[in-house]
Amino acid sequence: MNLRLTYTCLLTLALVFSCNDHNKKDSGTMPENEIMGDNNMTSLDWAGTYEGVLPCADCDGIKSVITINKDNTYVARETYQGKSDSIYETKGTFKWDGKGQKIFFSGKEKSYFVGENTLTHLDKDGNKITGDLAERYILTKSEEQLVGKIWHLVSFKGEAIQLKEAKAEHPQVEFLEDGSISGYTGCNQFRGVYELKEGYEIKFSQIISTKKFCPEMETENEFLSTMSKASYYIYEGHDLVIHDSEHQKLAKFKIAN
């Protein structure tokens with residue numbers, strides 16, 4: 001009787017473990033520490049910011065800027081071109097599939113295939129989109145750099161700036177490797193500190209400037225106000241555009257020739 005009971009218990013345990021193992025293999029996603037072997041997740045330098053314009057059924061295209069981080073969090077900013085200038089921001093976490101190739105965003109029905117310096121937007125079933133538009137679903141990792149360039153200010157809130165003095169130097173800013181900035185407002189020299197975070201977030205602090213008075217004070221005041229309100233930046237082509245926390249465009253800069 002005891003032998004029969006023992007045999008029954010062992011058989012039950014074997015069935016339970018077998019079912020659990022089967023369910024784990026069938027699952028669409030797995031915890032990161034259970035993804036084994038060499039794969040895209042383990043072999044690629046995938047963390048970073050990816051950009052591109054995805055196809056859109058009722059607009060000119062969806063400008064997408066997506067940052068994925070090593071701690072499995074993401075920030076996505078999207079603009080529906082030709083329809084609205086508004087930027088729609090979402091943040092959350094993502095999970096990898098069991099093969100360490102695809103990521104699935106929490107709270108959104110979106111998934112991406114992670115390639116070398118690319119994110120490929122997948123269809124609702126998690127498959128790559130084929131056909132003539134296939135390449136338009138690929139976002140590429142940004143290689144733009146703030147540091148080591150001089151950025152000329154060209155507009156505030158979409159309006160081109162007009163210098164009042166023909167001989168005035170162009171307002172500009174330079175980002176240095178030590179985390180400091182220096183520049184010119186169109187009237188005074190300034191310097192300060194900048195801090196970069198994930199998802200193109202930026203913060204300026206400790207801004208100080210010389211105290212000369214000149215006809216360009218209006219431009220200077222706008223310039224310094226932009227620095228204090230900056231929340232994040234994006235690239236439009238090779239132009240640098242700074243936004244506030246409400247996703248309003250504050251200023252645009254171009255690389256100095």
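- Linking Ile, Leu, Val, Met, Phe, Trp and Tyr whenever their side-chain heavy atoms come within less than 4.5 Å puts Leu139 and Met41 in one cluster.
- With sequence neighbours excluded, the residues satisfying side-chain contact (heavy atoms from CB on, under 4.5 Å) with Ile138 are Thr118, Thr120.
- The shortest non-hydrogen separation linking Asp45 to Tyr50 is O-OH, 4.5 Å.
- Between Ile66 and Ala76 the shortest heavy-atom distance is CG1-CB, 4.0 Å.
- In this structure, Leu44 CG and Lys141 NZ are separated by 9.0 Å, a value rounded to the nearest 0.5 Å.
- One finds the CE atom of Met227 at 13.5 Å from the NZ atom of Lys203 (value rounded to the nearest 0.5 Å).
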Pairs of donor and acceptor atoms involving the side chains of residues 229-244, under 3.5 Å and at least two apart or interchain, shall be tabulated with distances.
residue, atom, partner, partner atom, Å
Tyr232, OH, His247, ND1, 2.9
Glu236, OE1, Lys252, NZ, 3.4
Glu236, OE2, Lys249, NZ, 3.2
His238, ND1, Glu144, OE2, 2.5
Asp239, OD1, Lys254, NZ, 3.2
Asp239, OD2, Lys254, NZ, 2.9
His243, ND1, His247, O, 3.4
Asp244, OD1, Glu246, N, 2.9
Asp244, OD1, His247, N, 3.1
Asp244, OD1, Gln248, N, 2.8

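- By the 4.5 Å heavy-atom criterion applied to side chains, Val114 and Phe94 are not counted as neighbours.
- Under the 4.5 Å side-chain criterion, counting only non-hydrogen atoms from C-beta, Val147 is in contact with Tyr194.
- Residues Trp151 and Ile255 meet the side-chain proximity criterion, which asks for heavy atoms closer than 4.5 Å.
- To the nearest 0.5 Å, atoms CZ (Phe204) and OG1 (Thr226) are separated by 9.5 Å.
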Side-chain donor/acceptor pairs under 3.5 Å, residues 80-92, sequence neighbours excluded:
residue, atom, partner, partner atom, Å
Lys83, NZ, Asp58, OD2, 2.9
Ser84, OG, Ser86, N, 3.0
Ser84, OG, Ser86, OG, 3.1
Glu89, OE1, Arg77, NE, 2.8
Glu89, OE1, Arg77, NH2, 3.2
Thr90, OG1, Lys108, NZ, 3.4
Lys91, NZ, Glu201, OE2, 3.4

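- Across every non-hydrogen atom of Cys214 and Gly186, the tightest pair is SG-O, 4.2 Å.
- Contact check for Ile103 versus Leu119: side-chain heavy atoms found under the 4.5 Å cut-off.
- Listed by first then second residue, pairs satisfying disulfide bond (SG atoms under 2.5 Å apart) with a partner in residues 54-152 read Cys56-Cys59, not counting sequence neighbours.
- In this structure, the side chains of Lys70 and Trp46 come closer than 4.5 Å at one or more pairs of heavy atoms.
- Taking the side chain to side chain donor-acceptor pair (under 3.5 Å) definition, one finds that Glu222 meets it with nothing, sequence neighbours left out.
- Of all non-hydrogen atoms in Ala251 and Phe253, the two that sit nearest each other are CB-CE1, 4.0 Å.
- Taking CG from Asn72 and CH2 from Trp96, the interatomic distance works out to 8.0 Å, rounded to the nearest 0.5 Å.
- Counting heavy atoms from C-beta outward, Leu153 and Val173 have side chains that stay 4.5 Å or more apart.
- Ser106 meets the side chain to side chain donor-acceptor pair (under 3.5 Å) test with Thr93; sequence neighbours excluded.
- Annotation for Asp71 and Thr73: closest pair OD1-OG1, 2.6 Å, computed over non-hydrogen atoms.
- Applying the side chain to side chain donor-acceptor pair (under 3.5 Å) rule to Ser180 yields the partners Asp178; only residues at least two apart in sequence or on another chain are considered.
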Would you be so kind as to tabulate the donor-acceptor pairs closer than 3.5 Å made by side chains of residues 205-213, with sequence neighbours excluded?
residue, atom, partner, partner atom, Å
Thr210, OG1, Asn188, OD1, 2.7
Thr210, OG1, Gln189, N, 3.1

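- Partners of Tyr112 by ring-ring contact (aromatic ring centres under 6.0 Å, His included), not counting sequence neighbours, listed by chain and number: Phe105, His121.
- Clustering of Ile, Leu, Val, Met, Phe, Trp and Tyr by side-chain heavy atoms under 4.5 Å joins Phe113 with Leu122.
- For residues 116-138, there are no salt bridge (Lys or Arg N to Asp or Glu O under 4.0 Å) pairs, not counting sequence neighbours.
- For Tyr200, the side chain to side chain donor-acceptor pair (under 3.5 Å) partners at least two apart in sequence or on another chain are Glu51, Ser142.
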